[in-house]
Amino acid sequence: MLDELYREIILDHYRNPRNRGELADADTKVRGNNPICGDEVTLYLKIADGKIDAARSTGNGCSISQASTSMMTQAIVGRSLDDALALIGEVEGMMRGGGVPEGPDLDDLAALEGVRKFPSRVKCALLPWETLKQSIQEYRGT
Amino acid sequence: MLDELYREIILDHYRNPRNRGELADADTKVRGNNPICGDEVTLYLKIADGKIDAARSTGNGCSISQASTSMMTQAIVGRSLDDALALIGEVEGMMRGGGVPEGPDLDDLAALEGVRKFPSRVKCALLPWETLKQSIQEYRGT
Amino acid sequence: MLNEQQIRADFPILSRTVHGKPLVYLDSAATSQKPRQVIEAIVDYYRVHNANVHRGIHALGDEATELFEQARATVAKFINARDPREVVFVRNTTEAINLVARAYGGRVLGPGDEVWTSAVEHHSNLVPWQRIAAERGATTRYFPMDDEQSLPESALEMLTNRAKIVALVHVSNAFGTIHPVERAIAAAHAVGAVVLLDAAQSVPHMPVDVQALDCDFLAFSGHKMCGPMGIGVLWGRLELLEAMDPFLGGGSMIQEVFYDHATWAEPPHKFEAGTPNVADAVGLAAAVRYLESLGMANIRAHERDLVAYGLRALGELPGVRVYGPADPDRHGGVLSFTVEGIHPHDLGTILDQEGIAIRSGQHCCHPAMRALGISGTARASVYLYSLRQELDQLVAGIARAREVFDLA
Amino acid sequence: MLNEQQIRADFPILSRTVHGKPLVYLDSAATSQKPRQVIEAIVDYYRVHNANVHRGIHALGDEATELFEQARATVAKFINARDPREVVFVRNTTEAINLVARAYGGRVLGPGDEVWTSAVEHHSNLVPWQRIAAERGATTRYFPMDDEQSLPESALEMLTNRAKIVALVHVSNAFGTIHPVERAIAAAHAVGAVVLLDAAQSVPHMPVDVQALDCDFLAFSGHKMCGPMGIGVLWGRLELLEAMDPFLGGGSMIQEVFYDHATWAEPPHKFEAGTPNVADAVGLAAAVRYLESLGMANIRAHERDLVAYGLRALGELPGVRVYGPADPDRHGGVLSFTVEGIHPHDLGTILDQEGIAIRSGQHCCHPAMRALGISGTARASVYLYSLRQELDQLVAGIARAREVFDLA
Ligand SMILES: Cc1ncc(COP(=O)(O)O)c(C=O)c1O
Ligand SMILES: Cc1ncc(COP(=O)(O)O)c(C=O)c1O
């Protein structure tokens, strides 16, 4: 069962996080945290014409939260804000037993599917996605 | 067992309380109450040369508290404050299983002995005696 | 209809004796007895699942957390809350009211503002308001009671827009009155006040639907509804809970803590500082399931029948005065009465010798007793396991007391 | 010496399995497991004696009241209190500290005054002080920790007579440090401050004597000492309790209530508003008797042995850093550590698959973790039922985790 959680691709994203670091001219900068385990993510987005042009992150936490963050920053660049919101919904759905998201740049995300067998870790996987949702809401001023 | 609690003499003091009413020129006036059952006693004492010259009471409550009050006002008149304090101790002792107080004017008090088999009623019997203790302490300014 | 025999078999304590007589428990308004289903739920929790909650990572912690949050959802559904996050676990009704007084009242009350309660409130719905009002320079005011110890609708006209909070007992523990709270809630909302219902004596005994009532806060205790001691519920509208200050500070109610400040978690956790009483929340959920299996409407019908029977029987006794509404439709499972010539306390002792447990005194309602000019009442209160035959025993016990006091 | 086999047989949960493996419960600092003696005491209370307390007149009420007050006396004797009236029953440590913060701190603190705690406190001993200090215009200050996460004695020189309250953890839940509180108490008294000890992790694990310690308040939780959830204790010097404001308002804590004001009962009832958690107080008393039957000194010796063993075993593992004092005489039953390359949360999940329950994270000590520059630790905590063999399994589990993360 542990193999389903710690798939090679997750450990790879954990050890070599993509899009890591601050984004100097970010349009949004939002910090999310999980008060119980101490995971934290700060997400920087560059947004133009309703589209995410760049995404970077800082923070620290467990392999799941950090790998999920890394995968997310890969997956969302180039997507419209509405597409990104839909993707958040798909990832949440996957954690509740739905299918894996499909589409360009989304292959890695499927590796998160195994998390749903570990209920106490679902929060870790969703932390960056909740932070993304908040970023979009802040950007849109809602 | 009820006969031991509701002895004839207790019912008599309940129905015909002795020394009932206010005492206009009292040296002490102290109110005691039991917040759970609502029993209350206000005790008026006239004191001279360290001796209780008169005792009267107002208030209301159950047969045990009111009979005990009535008996007490009978028993303490003419006694010195120190004797009264000692008598309080004897009555408390009787409630914990000690003997009955003996001496002039104390015969009726023995009827309270049966109360000790009813733990939740001991408080009722002791209410006037605690009020007496407080009266003496107030009088002595301690 | 309730199956009396089956129900009584569920309550182990009902088969014990007192002073050599079978127990006749007529003190359920003080605390209810517990069915084996509730006792077993607690035992199962401790024997199999026990762990601290919301701190996860291990299987026991996950199980305990799930049981705890399921209990919250069970309670939420029971009172028809919109969202389980509206259910805050506390110790008892008293703590729930203190929480609202401090965390809501402490925020909204200012000089000139008024908190309204009624003349017949339990101390737990008086003292917290007196204290917070005094602290904030606000005033406490009281609806009067009519001669059936019920809230007269005309009194609601006394409300003005100075009223910020109206805190009312739903069913009186002292007199059994089922107050017309729907009208009071509408009147309070009309002047912009929020309404807290002290539902300690309603939620255990009748269907209660927070959305239908349209109240803003509701407080009740597990121990009065077949659940364990040490667990109670504050229900509040989510938007109010979100806007409120926290209550107690500590673990679980925080988002982040720094040396110089802290930020708060969302409701309900914001109000649940420290390790919660998981076992008893699980026990309360078992109690709710037990009550639901019988049906709250059936429970109320059973008690209404007993109250109608008891009102009639007591009313026929010489020297007995029964308080509260004469109409059993407006009278919960509490029979509060006095017997001329016998102090309630004495009556209680004499009945106890017969194995009959009632309560005597002021029932935590000093001001109401003072207003009525009495030093207390005797109170026989029924629940789902009570029987008509037990009320017959009560009546026989009163006759016996009259003998002891040479009144018969 | 404890009889390990006999003790383990007392704890039903210890024979269960998790993910198909026997449970290895190393999370007792979060909450302890319960022996059958405690579970049975609760069951017996509900099956035989259950009633509300202090409202007397019937046999069940008398029995429940006696059991409740006996429980108070049992707890008082256990910590060597002068008088049972010094023991206030609360829900948990968190509520106890909030009670003191509000009812004592709210009375004595003013602008310019200081409340001192330390850099390694649990949120429950931080947030209540931050809040009351902010409300009263006082300041919170913090003793630093040394590089073994212990309170350095030199720090005590920072106290001046502006310090009104010193609130310190006795044994740290995050690092296991047994702090030199005796010196801190003397130093605080020398400047006229009162001392509250957060004894959540000491009372369950070692002899604690409030008179010998000479502290002013002591707070602890039943659920961490083999007792039920939902019950905790505030001990306070009687004269302080008498001088304090009440905490929650409602039934039982009053002397008399009028429409416009109320007067208060004496301690401890003044602080116990509403129906108390009688069943769990009775359960706590059973837990105290259980602990006393083993002997607190024996329990501490057992844990000291385990900690010495665990410190050695963990210290030999590659990449493992253990926090807290290296000297097992100054180290309670908490082993807090990090493994390079594996986040504590991941370690927790991997160990859980082996049936081993530890806790990972910040242990309600955000500021201390931030000060150490770490995002949390893994924490294995032992109790009287823990075995050396379980620490061996922990060590093997860490090796397994290193494999999963390709570190081995
Ligand atoms: C040192 C310390 N203080 C306070 C607490 C809070 O205890 P509780 O959650 O029982 O209120 C704990 C336990 O979580 C603790 O370990
Ligand atoms: C109407 C009412 N309100 C409040 C309370 C207080 O409940 P608790 O003691 O469980 O806090 C009670 C019960 O005593 C009650 O009957």
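Numbered from 1 within each chain, the chains take letters A, B, ... in sequence-line order.
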B:K117, NZ: over 12 other non-hydrogen atoms inside 6.0 angstrom: no
Minimum heavy-atom distance between C:H345 and B:S120, given as atom pair plus value: NE2-O, 4.3 Å
Contacts with chain C made by residues 59-69 of chain B (heavy-atom distance under 4.5 Å), listed by residue number: B:N60, B:G61, B:C62, B:S63, B:I64
Part of B:N34 lying under 4.5 Å from any heavy atom of chain C: neither
Within 6.0 angstrom of B:Q137 CD, more than 12 heavy atoms from elsewhere: yes
Proximity breakdown for C:R400 and chain B, heavy-atom pairs closer than 4.5 Å: side chain
Inter-chain contacts: residues 74-108 of chain B against chain C, heavy atoms under 4.5 Å: none
Partners passing salt bridge (charged side-chain N to carboxylate O under 4.0 Å, His left out) against B:K29 (at least two apart in sequence or in another chain): none
Option that, when pairs with chain B are counted at under 4.5 Å, heavy atom only, ranks first among C:D352, C:T349, C:D406: C:T349
Pairwise distance CD(C:Q362) to CG(B:N33) - rounded to 0.5 angstrom: 8.0 Å
Min side-chain heavy-atom separation C:Q353-B:L5 under 4.5 Å: no
Toward chain B, the part of C:H363 with a non-hydrogen atom under 4.5 Å: neither
Interface residues of residues 12-28 of chain B facing chain C - heavy atom cut-off under 4.5 Å: B:Y14, B:R15
